Amino acid sequence: MRSDRAKKGLERAGARALIHACGITRDQLDKPFIGIANSYSDLVPGHIGMRRLQRSVEIGIAAGGGVPLNFGIPAICDGIAMGHLGMFYSLPSRELIADTVESMAMAHALDGLVLLTDCDKITPGMLMAAGRLDIPAIVVTAGPMMSGRHQGRRLSLVRDTFEAIGRAQAGEITAEDVAELEMEACPGQGSCQGLYTANTMACVTEALGMSLPGSATALAGSARRERFAYTSGERIVELVQEDITTRQIITEAAVHNAIGIDMAMGGSTNTCLHIPAVAHEAGVDIELEFFDQISQQVPQVCSLRPGGDYMMEDLDWAGGIPAVLSVLGDFVEDNPTVSGQNIREIAAKAEVVDDDVIRTVDNAYAPQGGIAVLRGNLCPDGAVVKQSAVSAKMRNFRARALCFDSEETAMEAILADRIPDGSWAVVRYEGPKGGPGMREMLNPTAALTGMDKEESVGLLTDGRFSGGTRGPCIGHISPEAAAGGTIGLVEDGDEIEVDIDERRLELLVDDDELARRRERWQPPEPKLKTGWLARYAKNVTSAATGAVME
């Protein structure tokens, strides 16, 4: 066993003494040591229920013949961090999480890992660590939140709180209405109810084969969720005994399936950062263009919030990820999973219970997948848009730019209604280096939607968006402004045109003028000069390559 290097041999007497100090018996030294990377937190709704899941995992590991060993992992709630300094830390925390899991697993010579996770950056960070370590590992997500209820209407976080800010600003609802929605939109534990980044990544993880079939959608707080945790605990011991490691699961075929499920469901654009980062750590090379190739092959068969009206609970009751895989047919490439079944076996056994929540390919919501990759002189290395959340009217949009060098100045202008219809709000110096940390901009996009401007104003940024964003919002513009990208040369009044169907994004300024502007351009002073984010800004790569650290 891998753990033998820390617990066997005369020279390990001191290590054994410390292990026994943790309450471990002599007999347990002969059993696999299974780490539980536990991101429990009192601060994150998706993670507040993990103590019960931890117990179920521990019981499962012990029943399987292993020794459960729990350790903590940081977790940031993007919704709470949104719109202030906290969001600088969100995407970078993914690297901290991967490094922490690696450090604990290697320092203590663990035989296998159960990765207890749920929210936006925590799940990809855990997967990155698993791919990097290449030891047996299994992911247990804590599950999606139930919908809220208010005056007979179902509620979800983004539509009924973040977008309500814009509605209140427009005078459609009162501050008292907003206060009532705040109390009811999020009824308890779990990742936010729509197909935002957290739930998208849970679905991606299941399609990768790194979590048990059906587990991505089982609701937080349910007995079914605890049974998944217990079974995962048992199963990780078997994976250790069979020496089935992560890179045997996360293959090129698995990555293909993960992107396919993302496209079929209309998931978050943040997967264009996270899936490449996970693949990179697992030794699978993919390019941003791979997302667009798959998007043009796979129709969108689900329509969940924010683009649609269904929620994760509806998807679960309709058959979950196995049912979605089943309607994709031959597109799904066969690959092993941590369950011991191959992915096509899982799909073949699945049943679609509600054929509007999960439609057939012939009756899809859209002929293409949820994300499009754009190219042009404004984004020679690429940009991404959640095309499933863009109306037909805005798929081809030509308008004049209003430029903002931070999210805060853009938000101030939006709430003051200073962005006229027929405009692009260009928000720059918010990329991986320039942010630093590539902040998620749910506040500006939700405010525009709440003010009924999603069909008259577009937003362009070298930052990124929440999975809850809808409307003509184009992010990940690469190269970013801080790296000398064209977005840093845009001036107020410049015309910009997007054609999503042609995958084109162009700044309508001639090359000679852009060359003159480039000669005048000076790189900005770093926003942060101390702390670990200053180091992050120096070492992070482009959004086009997953914003991984060199």
Side-chain angles (χ1 to χ4, degrees), residues 1-40 50-51 53-75 94-117 122 125-140 210 229-230 232-250 278 280-283 338 340 532 535 539 549-550:
M1 291 185 291
R2 291 172 178 82
S3 58
D4 286 350
R5 66 175 183 262
K7 64 187 183 184
K8 293 293 178 73
L10 178 62
E11 67 276 18
R12 296 291 174 261
R16 285 193 295 274
L18 294 168
I19 291 169
H20 292 318
C22 296
I24 293 172
T25 68
R26 286 189 185 279
D27 288 344
Q28 285 180 305
L29 292 178
D30 294 324
K31 297 180 179 182
F33 277 18
I34 308 297
I36 304 171
N38 186 354
S39 54
Y40 165 79
M50 285 184 177
R51 280 179 171 165
L53 293 180
Q54 173 196 329
R55 183 173 67 177
S56 295
V57 170
E58 289 170 341
I59 295 169
I61 291 170
V67 180
L69 300 163
N70 185 70
F71 61 92
I73 296 295
R94 186 188 72 180
E95 314 306 310
L96 285 180
I97 290 161
D99 291 350
T100 301
V101 175
E102 175 196 355
S103 299
M104 293 297 288
M106 294 299 290
H108 297 92
L110 299 175
D111 295 300
L113 289 168
V114 176
L115 305 170
L116 188 52
T117 176
I122 301 91
M126 297 259 199
L127 286 168
M128 288 166 66
R132 185 186 302 171
L133 290 164
D134 194 27
I135 65 174
I138 192 168
V139 175
V140 176
M210 286 297 296
Y230 172 86
S232 296
E234 277 193 317
R235 180 61 186 152
I236 188 59
V237 181
E238 295 173 351
L239 292 171
V240 169
Q241 292 166 344
E242 298 164 14
D243 198 26
I244 297 175
T245 65
T246 302
R247 292 192 180 190
Q248 295 173 49
I249 306 294
I250 304 181
V278 172
H280 171 76
E281 296 289 359
V338 292
W532 96 271
R535 300 196 303 274
N539 296 299
M549 287 185 69
E550 292 179 332

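Counting begins at 1 with the first residue of the sequence. Since the structure is predicted, the reported quantities are computational estimates derived from the model, not experimental observations.
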(request) Find the distance between CZ (R5) and NE2 (H108) and round it off to the nearest 0.5 Å. (result) 11.5 Å

(request) May I have the step-by-step check of side chain to side chain contact (heavy atoms under 4.5 Å, CB included) for M549 and E95, ending in yes or no? (result) CA-CA 8 Å; M549 287 185 69; E95 314 306 310; 3.8 Å; yes

(message) Using side-chain heavy atoms (C-beta onward) and a distance below 4.5 Å, is V67 in contact with I24?
(response) yes

(request) Please report the closest heavy-atom contact between F71 and G35, naming both atoms and the distance. (result) CE2-CA, 4.0 Å

(request) Start with the C-alpha distance between R235 and E238, add both sets of side-chain angles, then the distance that settles salt bridge (Lys or Arg N to Asp or Glu O under 4.0 Å), and finish with yes or no. (result) CA-CA 5 Å; R235 180 61 186 152; E238 295 173 351; 2.8 Å; yes

(request) Look up atom CD1 in I19 and atom OG1 in T25, then write down how far apart they are to the nearest 0.5 Å. (result) 11.5 Å

(message) Between L110 and I34, is the side chain to side chain contact (heavy atoms under 4.5 Å, CB included) condition met? List the steps.
(response) CA-CA 6 Å; L110 299 175; I34 308 297; over 6 Å; no

(request) Could you give me the CA-CA distance, side-chain angles and deciding distance for K8 and D30, then say whether side chain to side chain contact (heavy atoms under 4.5 Å, CB included) is met? (result) CA-CA 9 Å; K8 293 293 178 73; D30 294 324; 3.5 Å; yes

(message) Keeping D4 on the side-chain end and M1 on the backbone end, is there a donor-acceptor pair under 3.5 Å?
(response) yes

(message) Nearest 0.5 angstrom please: S56 OG to M50 CE, how far?
(response) 13.0 Å

(message) So, taking the atom named CG in L127 and the one named CZ in R94, what distance separates them when rounded to the nearest 0.5 Å?
(response) 11.0 Å

(message) Can a side-chain donor-acceptor contact be found between N38 and Q54 if the only test is distance below 3.5 angstrom?
(response) yes

(message) Could you check whether any side-chain N or O of S39 sits under 3.5 Å from a backbone N or O of L116, counting only pairs where one atom can act as donor and the other as acceptor?
(response) yes

(request) Please name the pair of heavy atoms, one in A130 and one in L115, separated by the smallest distance, quoted to 0.1 Å. (result) CB-CD1, 4.0 Å

(message) So which atom in Q28 and which in G23 form the shortest heavy-atom distance, rounded to 0.1 Å?
(response) OE1-O, 4.0 Å

(message) Is the shortest side-chain heavy-atom distance between T246 and P136 below 4.5 Å?
(response) no

(request) Would you check if there is a donor-acceptor pair between the side chains of D134 and T245 at a distance under 3.5 Å? (result) yes

(message) Given 3.5 Å as the limit, does a donor-acceptor pair link the side chain of E58 with the main chain of L69, or not?
(response) no

(message) For the CG atom of D111 and the OG atom of S3, what is their distance to the nearest 0.5 Å?
(response) 3.5 Å

(request) State, with a plain yes or no, whether a side-chain heavy atom of I36 is found less than 4.5 Å away from one of I61. (result) yes

(request) List the steps, then state whether salt bridge (Lys or Arg N to Asp or Glu O under 4.0 Å) holds for R16 with E11. (result) CA-CA 10 Å; R16 285 193 295 274; E11 67 276 18; over 6 Å; no

(message) One pair to check against side chain to side chain contact (heavy atoms under 4.5 Å, CB included): R2 and F33. What are the steps and the verdict?
(response) CA-CA 9 Å; R2 291 172 178 82; F33 277 18; over 6 Å; no

(message) If you compare all heavy atoms of V237 against all heavy atoms of G66, which two are closest, and at what distance to 0.1 Å?
(response) CG2-N, 3.9 Å

(message) Strictly distance-based, threshold 3.5 Å: is any side-chain N or O of N539 a donor or acceptor partner for the main-chain N or O of R535?
(response) yes

(request) Could you check I249, V57, V114 and say which one makes a side-chain contact (heavy atoms from CB on, under 4.5 Å) with I138? (result) V114

(message) Contact between I244 and V338 at the side-chain level, heavy atoms closer than 4.5 Å - yes or no?
(response) no

(request) Over all heavy atoms of both residues, which pair between V240 and P32 is shortest? Give the atoms and the distance, please. (result) CG1-CB, 4.1 Å

(message) If I take atom CG from residue N70 and atom CZ from residue R51, how far apart are they, to the nearest 0.5 angstrom?
(response) 10.5 Å

(message) For R132 versus E281, what's the shortest heavy-atom pair and its separation?
(response) NH2-OE2, 2.9 Å

